[in-house]
Amino acid sequence: LRGLATAASGEKSPVRITGGEWALRRVQGPGTRLALRPTPDFLREQAFAVLGPHLPGGCFLDLFAGTGVNALEALSRGAARAVLVERDRRAAALIAANLVRFGADDRAEVLTMATEEALPRLARRQVRCTVGWCDPPFAALHLGESALALARELDVVAGNALVVFELPPQAKASLQGYEVVRSLRGAVLLRALGR
């Protein structure tokens with residue numbers, strides 16, 4: 001599961017889509033049932049201001065998808081489709097419910113498995129994503145680094161694709177196949193290197 005549990009009393013604040021077709025609509029959060037750390041609205045708003053022009057008609061890859069809010073944000077802002085990878089079955093069920101709630105279940109695919117299983121499967125189907133998001137558990141940041149490296153190696157993340165990689169404060173990431181474009185508040189924006 002991504003990150004640490006939210007407060008035992010429930011969600012700290014509602015999770016909302018920050019822009020596009022579904023701006024300000026609420027996304028069903030994890031509550032106390034799941035130890036998920038949804039991406040904060042301020043980070044999504046900042047990141048998608050940069051990603052926005054690259055979304056229309058493209059495929060969005062959401063690794064360690066949690067609630068699915070990042071993929072919903074991408075679909076809201078014009079992505080043609082989204083592929084979400086989430087190994088926890090309860091989180092995947094939450095994602096599926098959110099996709100149905102937004103009428104986006106026909107534009108998204110949820111793979112309920114680990115990234116190291118999902119990415120080769122996507123590569124065999126020749127799925128190529130031009131924008132992505134990776135929000136691994138902060139206690140196991142290496143999982144995100146490995147997933148991004150594998151996604152690039154298998155060309156699931158296309159050359160020149162933009163990817164947001166969430167990091168805990170002061171963390172340094174070792175990323176193969178990417179260059180850092182800029183720092184964001186709580187993440188780095190990466191560009192996949194071409195071959």
Side-chain angles (χ1 to χ4, degrees), residues 1-3 17 20 27 36-39 43-44 47-48 50-88 91-92 94-96 98-99 102 104-137 141-167 173 175-181 184 187-195:
L1 289 177
R2 292 167 38 204
I17 302 299
V27 175
L36 299 178
R37 174 186 38 78
T39 300
L43 174 54
R44 277 184 288 109
F48 278 98
V50 179
L51 299 176
H54 304 273
L55 289 168
C59 177
F60 182 86
L61 178 65
D62 193 352
L63 299 172
F64 308 94
T67 62
V69 68
N70 297 315
L72 284 166
E73 188 84 52
L75 292 168
S76 178
R77 293 172 181 258
R81 65 185 286 234
V83 177
L84 301 91
V85 180
E86 175 54 63
R87 71 183 300 166
D88 185 86
L94 177 60
I95 292 169
N98 274 322
L99 289 169
F102 281 78
D105 48 318
D106 61 337
R107 294 167 51 201
E109 174 183 9
V110 182
L111 298 176
T112 310
M113 59 187 70
T115 55
E116 61 268 23
E117 297 172 61
L119 291 167
R121 184 175 295 197
L122 292 170
R124 285 192 296 273
R125 290 172 33 206
Q126 298 186 337
V127 172
R128 299 290 174 269
C129 297
T130 53
V131 180
W133 199 288
C134 183
D135 182 13
L141 203 59
H142 67 281
L143 295 177
E145 294 169 342
S146 299
L148 284 177
L150 183 59
R152 183 65 202 107
E153 179 185 326
L154 297 175
D155 210 29
V156 174
V157 169
N160 293 316
L162 292 177
V163 179
V164 173
F165 184 44
E166 289 194 51
L167 301 162
L175 298 162
Q176 297 176 8
Y178 300 85
E179 63 180 354
V180 176
V181 175
L184 302 168
V188 288
L189 178 64
L190 308 171
R191 183 182 308 280
L193 299 173
R195 295 194 175 164

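Just so it is clear, the model here is predicted, and its values are computed rather than measured.
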Check against side-chain contact (heavy atoms from CB on, under 4.5 Å), Leu167 and Leu141: CA-CA 8 Å; Leu167 301 162; Leu141 203 59; 3.6 Å; yes
Criterion side-chain contact (heavy atoms from CB on, under 4.5 Å) on Val85 and Leu119, from CA distance to verdict: CA-CA 9 Å; Val85 180; Leu119 291 167; 5.6 Å; no
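A distance-only check finds a donor-acceptor pair linking the side chain of Arg152 to the backbone of Leu193 [under 3.5 Å]. A donor-acceptor pair under 3.5 Å links the side-chain atoms of Arg128 to the main chain of Asp155, judged by distance alone. Counting only distance, with no hydrogens or angles, the side chain of Tyr178 and the backbone of Ala149 share no donor-acceptor pair below 3.5 Å. A donor-acceptor pair under 3.5 Å is formed between the side chain of Asn98 and the backbone N or O of Thr67. In this structure, the side chain of Asn70 does not engage the main chain of Trp133 through any donor-acceptor pair within 3.5 Å. The backbone N or O of Ala79 sits less than 3.5 Å from a side-chain atom of Arg107, completing a donor-acceptor pair. Distance alone, capped at 3.5 Å, places no donor-acceptor pair between the Arg77 side chain and the Leu55 backbone.
When every heavy atom of Glu109 is checked against every heavy atom of Leu111, the shortest pair comes out as OE2-CD2, 3.4 Å. Shown here for Val83 and Arg81, the closest heavy-atom pair between the two residues is CG2-NH2, 3.9 Å. Listed here is the closest heavy atom pair of Gly66 and Glu86: N-OE1, 2.8 Å. Closest approach of Ala161 to Cys129, counting heavy atoms only: CB-O, 3.7 Å. Shown here for Ala82 and Ala71, the closest heavy-atom pair between the two residues is CB-CB, 3.9 Å. In terms of heavy-atom proximity, Ile17 sits nearest to Ser76 at CG2-OG, 3.6 Å.
Under a 4.0 Å N-O distance rule, the pair Glu117/Arg121 does not qualify as a salt bridge. Taking 4.0 Å as the cut-off between side-chain N and carboxylate O, Glu166 and Arg44 do not count as a salt-bridged pair.
Taking the side chain as every heavy atom from C-beta outward, Asn160 and Arg191 approach each other to under 4.5 Å. Residues Leu175 and Leu148 have side chains in contact (heavy-atom distance under 4.5 Å, counting atoms from C-beta outward). Side-chain contact between Leu189 and Leu51 is present, with heavy atoms from C-beta onward closer than 4.5 Å.
How far CG of Leu72 is from CZ of Phe60: 10.0 Å, rounded to the nearest 0.5 Å. A distance of 13.0 Å separates CG of Leu184 from CZ of Phe165, quoted to the nearest 0.5 Å. Here the CG-CG distance, from Asp135 to Asp62, works out to 8.0 Å after rounding to the nearest 0.5 Å. Atoms OG1 and CG, on Thr115 and Leu63 in that order, are 6.5 Å from each other to the nearest 0.5 Å. Taking CD1 of Ile95 as the reference point, atom CG of Asp105 lies at 13.0 Å (rounded to 0.5 Å). Expressed to the nearest 0.5 Å, how far CG of Leu61 lies from CG of Leu122 amounts to 7.0 Å.
Counted within 6.0 Å of CD on Glu116, heavy atoms from surrounding residues, nucleotides or ligands total more than 12; the atom is thus considered enclosed.
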